[in-house]
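Reading through the structure tokens given below for one structure.
Chain letters run A, B, ... following the sequence lines, proteins first, then strands; residues in each count from 1.
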Amino acid sequence: MRVATMTRYDLIKTNLARISEDMIKASKVVSSGKRITDLSDDPVSLTQVLKIKSSLDNIDQLGRNISVGNSWLSTAEGALRQTQNLLSDAKVLCIQMANDTIGAEQRQAAALTIQNTLEEIISLGNTQIGGRYIFSGTKTDTAAFTYMEFKVDANNNVIDFSEDVLGDVTTLAATIPEGNYTASELEAEIKSQLEATSANNIDYTVSYNSSTMKFTIQGASLTGLDILWASGANNTNSASSLLGFDAADDKGALTYTSDNVTVKYNGDNDPFAVKIGQAATIEVGSDGGSIFSGIFATLSNIAKDLQSNNTSGISSALDILETNSNEISNKISNIGSKMVRMEIKENILTDLTLANTKRLSLLEDADITEAIIELKSKELAYQAALASSARVMELSLVDYIR
Amino acid sequence: MSSLGLVWSIAKDALAAQRYGMDVTAHNIANVGTAGYSRQIPVYETKDAMLKNNLVFGRGVDVSQVIRKTDQFIESQLRQQQANLIYSEEMELYGKVLEGIFNESSGSSVSAMLSDFWNMFQDISNNPTGLPERSAFFEHSLLLSGKINSLDANLTQMKNDLTGSMSLGINKINEITAQLANLNNHVVGMETGNRMANDFRDKRNTLLTELAEYIDVKSFEQDNGALTVVSARGCVLVQDVDSYALDLGGISAGRVMWQGSGVGSVDMTDYISGGKLGGSLDMRDEIIEKYQLDLNAFAQEFIWAVNQQHSQGVGLAAFSSVTGDYPSTSAVDAVGTVNSGLAFYDKIVDGSFTLWLYDVTGNVVGGTVITIDADVTPLSDADALTNDIVSQLNVIDANLSATVNNNRLEITAAGGYTFAFSDDSSKVLAALGINNFFVGTGAGDMDVSARIGSDMNLVAAGRVNGDGTFSLGNNSTALAISDLQHATMVISRWTCDRIGGNTAGNVTTGIEDYYHSLAGSVGITVSGISSAKAYNELMVSKISEIRNSVSGVSLDEEMANLMQYQHAYVAASKLISTADEMLQTLLELK
């Protein structure tokens, strides 16, 4: 075939351009370490790469969720174990105190110890992680248990009441001295203050029911007794909240019982959950009410019995304590099995991360050895093309014509 | 009688002929590098013989014509391939830009940000009351929306750039066709005798090739030598000495219009299939159009899916007042019909939603179920018996009032009361933009609601319980939204054809998968374009070689020809000097 002069030069230009383009591509692969930099380099692999990257992010996130869940669960476990210890201490104490050789003063002292144990368990029930209460269900912003701590101060120390004796009504105000009281102490103090303030020498009975956690105020030999929580002269510092009464007058009877329990469960029954997998969640919080309320009732009763020297009450309380303690054990093992589940999940996620990272590297990363050899071969081809072009371009008939 | 006159005459003609030959060779050598040049060859013919003394004497040589060596078939093949190459080059140029726009290798690509979106909502689900998680999530969502907005804006910008480049191309086309008409004139004029207007024809061919690089053309030569050039839809560009211009105009100012000869303009845009214009149009009206529509469909479904879950949830505080983000241009028409003017009217179904009212202290006053019949219930219609939404809301409580303000639903609670929503089976809350997260209807206007921006507590991570209470630690809505990452939904996928129009098919896929295959599709398209271009380059190179083997100048050949003419010239001049000597001898006879 006849070869025109232009053809020679055109071919040189085209080939050099082509080889240098290949060379640039090869050097791009080596310098970036990645086989895929542009979308068009390998579109099918790219789609898979994107999917894998998304999975890896997801797995990381699930790992974070699991560690949050684990911290909840281990904190809960710690709190429950301590509760169990306290309960077994209480049991030992009860066994001691049930013994007939123990005197009344010792029982009084023991009652205080039980009261302390109760308060300790309440503060365990209010355990927080990062400012959130773990035993309040999903109401994580509110403390699970608020204890009527019977702290009397200038804001809640007055009881306005009126005595009606055969139509003769006298309005009175009884003041409770400031200080911290146990339930039974407060019972006694209120009783004495009411009787001291009484205009008609009335006998009052004030009692605290530890299973219902409510106070009862009762007057005898009266026609009517009104407790003026709202309309009394001292309604701004009435003892209504202290004793669990609503801020409304109680009228028309001789006996009044607190409207509210004095250890309140403020949470809900919906345990807090975290996401550990696609459409899979695990409960890491708890419904504190179902766990602790029984214990509070039991301990309050024991404290009451100790104070009133009721040995038979103390003995029968031992069985209930046993039941409570077993329930706590069940809860602890339940938490334990959840933690095992989380650990298994974590291991699965680690394996998944490894497998996915491997696949990602396979698809996306360049085999450096291969890439460098490719670059070298393209360089060589380029050099050869340059050399041969120079040779060919030199030849011309003009040089040989005399 | 013999005469030396014949020898002189022959020698004289020979000298002239060899000189012509050298002229042609010089012309070839000078034009060795000229694109589109066809080498010329002098055609030598013997002069007619004469009869003398019953003997036939030849009378020498004559150059009858100078012809170009060309093969019309190869020329038109080459023109075709060059046009294809320019088409591919144009496509590849913009294809690379498109690829860069959808680039996925950095951490701020849409896929990475989308994945983070779900993960950050999971962070909120781990700590629903935490403010840092909410702030981070809000900022991230702004970034994601901004990124999708800018993707859409970039695509629109590319389309505008393509239209601009087309405008320049059309100006060039008009220039060339005018020149072609002019050349036609010259060729016809020069070829009235039996002559070939070689250089004009070469020039005309070059111009035709240049024209073919811009737009696909067919050409044929008339009997008088004039070239007729026809383009897409049979629109004539050049005929005899007339040329017809193209213009950019039409409905969207982006259509290629053929002016015609006074009949009115013809829109030939959809039928242009080659050259730079063809490449630009395919890029603009098929490829970029498709990806812009697909991106829009993706954004639309994403917005809807998130809003649908979010509007049924509750944040850390209930509403004291809320205004919808989506307007309904006709409040008296049923919300589920197109006349209502709601952007997502077609998603509304028959169902209901519940509104919970809370008093000053936060206690539940009550929960009311608002029923929606998609084809019947309007937003607000005071006269009708259609049980419109505003009326249903207004009868709930004296402290709660609803109205339509600036085409949007507005619900306000007085006296320190607050309200929240739950269980929306009708999806009307998301369509009205009540308690939604995103605003906007597509990739261009997607954004996070300003309501969320001004109060992060309104990011709805939780859900109202069956009794109307809601806890701050409830994370049901956050979990539901993060589950959307793997949920499948029906999203449109477009096919754009310039002639057939744009059609949407439906695919059922996860939202992330849809975007991943979008990016993959861009990659496949661009990779296909690159392969086509490489193939075209090869074809052009090969056919150029063939064409040059016929019409190209070979310096070696010209050199040899030069020597041949030189020797022949020397020999002819030798004839003259010999004849001269002979005459001298004759004259010296006494």
Q: Please flag which part of Thr281(A) lies under 4.5 Å from any non-hydrogen atom of chain B: side chain, backbone, both or neither.
A: side chain

**Q.** Minimal non-hydrogen separation, Lys53(A) against Glu104(B), with atom names
**A.** NZ-O, 4.2 Å

**Q.** For the student: nearest non-hydrogen atoms of Ser551(B) and Asp71(B), plus distance
**A.** OG-N, 4.4 Å

Q | Under 4.5 Å from a heavy atom of chain B, the part of Ser54(A) involved | A | both

Q: Examine the side chains of Asp202(B) and Ser38(B) and answer whether a donor and an acceptor come within less than 3.5 Å of each other.
A: yes

Q | Carboxylate-amine/guanidinium contact Lys275(A) Asp483(B), below 4.0 Å | A | yes

Q) Hey, which of Leu46(A), Thr5(A), Thr140(A) has the most heavy atom pairs under 4.5 Å with chain B? A) Thr5(A)

Q.
Using heavy-atom distances under 4.5 Å, tell me whether Thr34(B) contacts chain A through its side chain, its backbone, both, or neither.
A. backbone

Q.
Taking side chain as everything from C-beta outward and backbone as N, CA, C, O, which of these in Glu557(B) sits under 4.5 Å from a heavy atom of chain A? Side chain, backbone, both or neither.
A. side chain

Q) Would a distance-only check, ignoring hydrogens and angles, find a side-chain to backbone donor-acceptor pair under 3.5 Å from Gln309(B) to Thr477(B)? A) no

Q: List the steps, then state whether salt bridge (charged side-chain N to carboxylate O under 4.0 Å, His left out) holds for Arg35(A) with Asp367(A).
A: CA-CA 8 Å; Arg35(A) 209 169 53 86; Asp367(A) 179 346; over 6 Å; no

Q.
Looking only at heavy atoms and a cut-off of under 4.5 Å, which of Leu472(B), Thr129(B), Asn465(B) has the most pairs with chain A?
A. Leu472(B)

Q. Which bit of Val553(B) comes within less than 4.5 Å of chain A, counting heavy atoms only: side chain, backbone, both or neither?
A. backbone

Q: Pick one of side chain, backbone, both or neither for Val3(A), based on which atoms fall under 4.5 Å of a heavy atom in chain B.
A: backbone

Q) Considering only heavy atoms, which portion of Asn65(A) lies under 4.5 Å from any heavy atom of chain B: side chain, backbone, both, or neither? A) both

Q.
Checking side-chain polar atoms at under 3.5 Å, does Asp556(B) have a donor or acceptor matched by the opposite partner on Ser554(B)?
A. no

Q) How about Asn561(B) and Thr25(B): does a side-chain donor come under 3.5 Å of a side-chain acceptor? A) no

Q) Looking at Asp513(B), Asn103(B), Thr469(B), which has the largest count of heavy-atom pairs under 4.5 Å with chain A? A) Asp513(B)

Q. Just checking, Arg493(B) and Phe298(B): is the charged tip under 6.0 Å from the six-membered ring centre and within 45° of the axis?
A. no

Q. Salt bridge check: are Asp22(A) and Lys25(A) linked by an N-O gap of less than 4.0 Å?
A. no

**Q.** Proximity breakdown for Asn475(B) and chain A, heavy-atom pairs closer than 4.5 Å
**A.** side chain

Q | Selection from Gly137(A), Pro43(A), Ala273(A), Ser32(A) maximising heavy-atom pairs under 4.5 Å formed with chain B | A | Pro43(A)

Q: Can you see which heavy atom on Ser71(A) is nearest to which on Thr75(A), and at what distance?
A: O-OG1, 2.5 Å

Q) Does any donor atom in the side chain of Ser40(A) or Ser527(B) lie under 3.5 Å from an acceptor atom in the other side chain? A) no

Q: Kindly state whether the ring of Trp72(A) and the ring of Tyr133(A) have centres lying under 6.0 angstrom apart.
A: no

Q | Under 4.5 Å from any heavy atom of chain B - which part of Asn58(A) | A | both

Q. Of the listed residues (Gln278(A), Glu364(A), Lys34(A)), which shares the most heavy-atom pairs with chain B below a 4.5 Å separation?
A. Gln278(A)

**Q.** Residue selection (most heavy-atom pairs with chain B, distance under 4.5 Å) from Leu62(A), Thr47(A), Leu50(A)
**A.** Leu50(A)

Q. With a 4.5 angstrom heavy-atom cut-off, which part of Asp141(A) approaches chain B: side chain, backbone, both or neither?
A. side chain

Q: Apply the test salt bridge (charged side-chain N to carboxylate O under 4.0 Å, His left out) to residues Arg547(B) and Glu75(B): give CA-CA distance (whole Å), side-chain angles for both, the deciding distance (0.1 Å), then the verdict.
A: CA-CA 7 Å; Arg547(B) 185 253 174 204; Glu75(B) 293 281 346; 3.0 Å; yes

Q) Under 3.5 Å, is there a donor-acceptor pair linking the side chains of Gln61(A) and Asp116(B)? A) no

Q | chain B contact via Asp38(A) - which portion, at a heavy-atom distance below 4.5 Å | A | both

(Q) Quick check on Leu11(A) against chain B: is it the side chain, the backbone, both or neither that has a heavy atom closer than 4.5 Å? (A) side chain

Q: Identify which of Ile524(B), Asn127(B), Val32(B) forms the greatest number of heavy-atom pairs closer than 4.5 Å to chain A.
A: Asn127(B)

Q. Counting heavy-atom pairs under 4.5 Å to chain A, which of Pro128(B), Ala112(B), Ser530(B) comes out on top?
A. Pro128(B)

Q: Identify which part of Ser541(B) has an atom lying under 4.5 Å from any heavy atom of chain A, answering side chain, backbone, both or neither.
A: side chain

Q | Side chain / backbone / both / neither for Glu512(B) at chain A, heavy atoms under 4.5 Å | A | side chain

Q) Can you tell which of Met563(B), Met559(B), Lys96(B) has the highest number of heavy-atom pairs within less than 4.5 Å of chain A? A) Met559(B)

Q.
Heavy-atom cut-off 4.5 Å, strictly under: side chain, backbone, both or neither for Glu558(B) against chain A?
A. neither

Q) With respect to chain A, which residue among Gln485(B), Glu537(B), Arg39(B) yields the maximal number of heavy-atom pairs within a distance under 4.5 Å? A) Arg39(B)

